[in-house]
Amino acid sequence: MRYKLWRVSVFLAASVPPLYWLYCAVFGLLGPDPGKVLVDNLGLGALILLLITLAMTPMQQLTRWGGWIAVRRQLGLWCFAYVVLHLSGYVLFIAGLRLELVLRDLSERPYIIVGALAFVGLLALAVTSNRFSIRKLGRKWKTLHRLVYAILLLALLHMLWVVRADLGEWLAYALIGAALLLMRLSAVAGVLQRAGAFFRENPKKIEI
Ligand code: HEM
C-alpha cells in the first residue's frame, strides 16, 4: 500500500480529538455541561473534517502529490464517524434518550431538520464510498458524490443557526467552504492546475 505512514498519521490525528474529549469529560474538565460541550466539539470537528476532505482535490491539483487523494476517503469517513458521535451525543445528553423529544425536534426545530438532512446525505456518501459501489454505480457515483457540496451548505446553515450572535468563527468556515466550492468549478481547477505546473517547472521564478 502506498503512503502507508501518511495514512496511519492521518488516522491517528483524526482519532485523538474524540478520545481527548472523552478523557476530559470523564475527569470533569468540560465544565458544568460536559454533554453539550461534547456535542458542540464533535459537530465542529465534523465540519472541519468535511472542509479538509474537500481540500484534498485542490491540494492534489496544486502539488501533484498523490498523498492528498490517498487519504481523501479516510477523511470523509472520519467526518461521518464524528457526525455519528455528534448525533449520538445529542440523543443521549441533550434529548436524554427521549424519543418523543427527538421526534419533536425533528419536526419543529429548523436547525435540527437541516442537520438531519446533512446527516442523511453523509450517510449516502459513506455507504457508497467503496470499490463495489464505484463499479456498480458507474457515472452515477460521481454525480452522487457531488452531493458533498450541498451537504457542506446544509452543515454551515445548521451551524449558523446554533452560533447566531457569534458570527466570526462561522464566517471563517463559510469563507473556506466558499473558496473550496469555487476551486471545484472546472475553470478554476484548470487555472490551478496550470499554475501548479508552471511553478513546478519554473521553481526559480517563485524564489524571493
Ligand atoms: C441529525 C443530525 C444532527 C443533529 C440532531 C445535530 C444536533 C446538534 C445540536 C443539538 C447542536 C448543539 C446546539 C447547541 O449548542 O445548543 C449542534 C451543533 C452543531 N452541529 Fe449538529 N446536528 C446534526 C448534524 C450535524 C452535521 C451533519 C454536522 C456537520 C457536518 C453538524 C455540525 C454542527 C456544528 C458545526 C455545530 C456547532 C458547534 C459549535 O457550537 O461550535 N451537525 N448540532
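This structure is a prediction, so every number in the text was calculated from the model and none was measured. First listed ligand is number 1; within each ligand, the first listed atom is number 1.
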Report task. For atom 15 (O) of ligand 1, grab the closest protein heavy atom and report residue, atom and distance to one decimal in Å. Result -> Lys36 NZ, 2.6 Å
Report task. Identify, for atom 38 (C) of ligand 1, the protein heavy atom at the shortest distance, and state residue, atom and that distance. Result -> Asp40 O, 3.5 Å
Query raised in the report: Do the side chains of Leu101 and Leu103 join up, straight or via other hydrophobic residues, at under 4.5 Å, putting them in one cluster?
Result: no
Query raised in the report: Can Leu75 be reached from Ile69 by stepping across I, L, V, M, F, W or Y side chains whose heavy atoms are under 4.5 Å apart?
Result: no
Report summary line: In ligand 1, the atoms that come under 4.0 Å of a heavy atom of Ala116 are 1 (C), 2 (C)
Query raised in the report: Which atoms of ligand 1 have any heavy atom of Ile94 under 4.0 Å away?
Result: 10 (C)
Query raised in the report: If you measure only the distance, is there a donor-acceptor pair under 3.5 Å linking the side chains of Thr128 and His145?
Result: yes
Requested in this report: Mind listing the protein N/O/S atoms less than 2.8 Å away from atom 21 (Fe) of ligand 1? Waters don't count.
Outcome: His86 NE2, His158 NE2
Query raised in the report: With side chains defined as the heavy atoms from C-beta onward, is the minimum distance between Tyr23 and Leu19 less than 4.5 Å?
Result: no
Requested in this report: Side-chain contact test, heavy atoms from C-beta onward, threshold under 4.5 Å: evaluate it for Leu47 versus Leu152 and give yes or no.
Outcome: yes
Enumerate, atom names and distances included, each donor-acceptor pair closer than 3.5 Å involving a side-chain atom of residues 78-96, sequence neighbours excluded.
unit_1	atom_1	unit_2	atom_2	d
Trp78	NE1	Gln74	OE1	3.2
Tyr82	OH	Ala14	O	2.6
His86	ND1	Val39	O	2.7
His86	ND1	Gly43	N	3.2
Ser88	OG	Val84	O	2.6
Tyr90	OH	Asp105	OD2	2.7

Requested in this report: Tell me, please, which residues at least two apart from Lys36 pass salt bridge (Lys or Arg N to Asp or Glu O under 4.0 Å).
Outcome: Asp40
Requested in this report: Indicate, as side chain, backbone, both or neither, the part of Leu154 found under 4.0 angstrom from ligand 1 when only non-hydrogen atoms are considered.
Outcome: neither
Requested in this report: Sorted by first residue and then second, give each side-chain hydrogen bond (donor to acceptor under 3.5 Å, both in side chains) pair with at least one member in residues 43-55; sequence neighbours left out.
Outcome: none
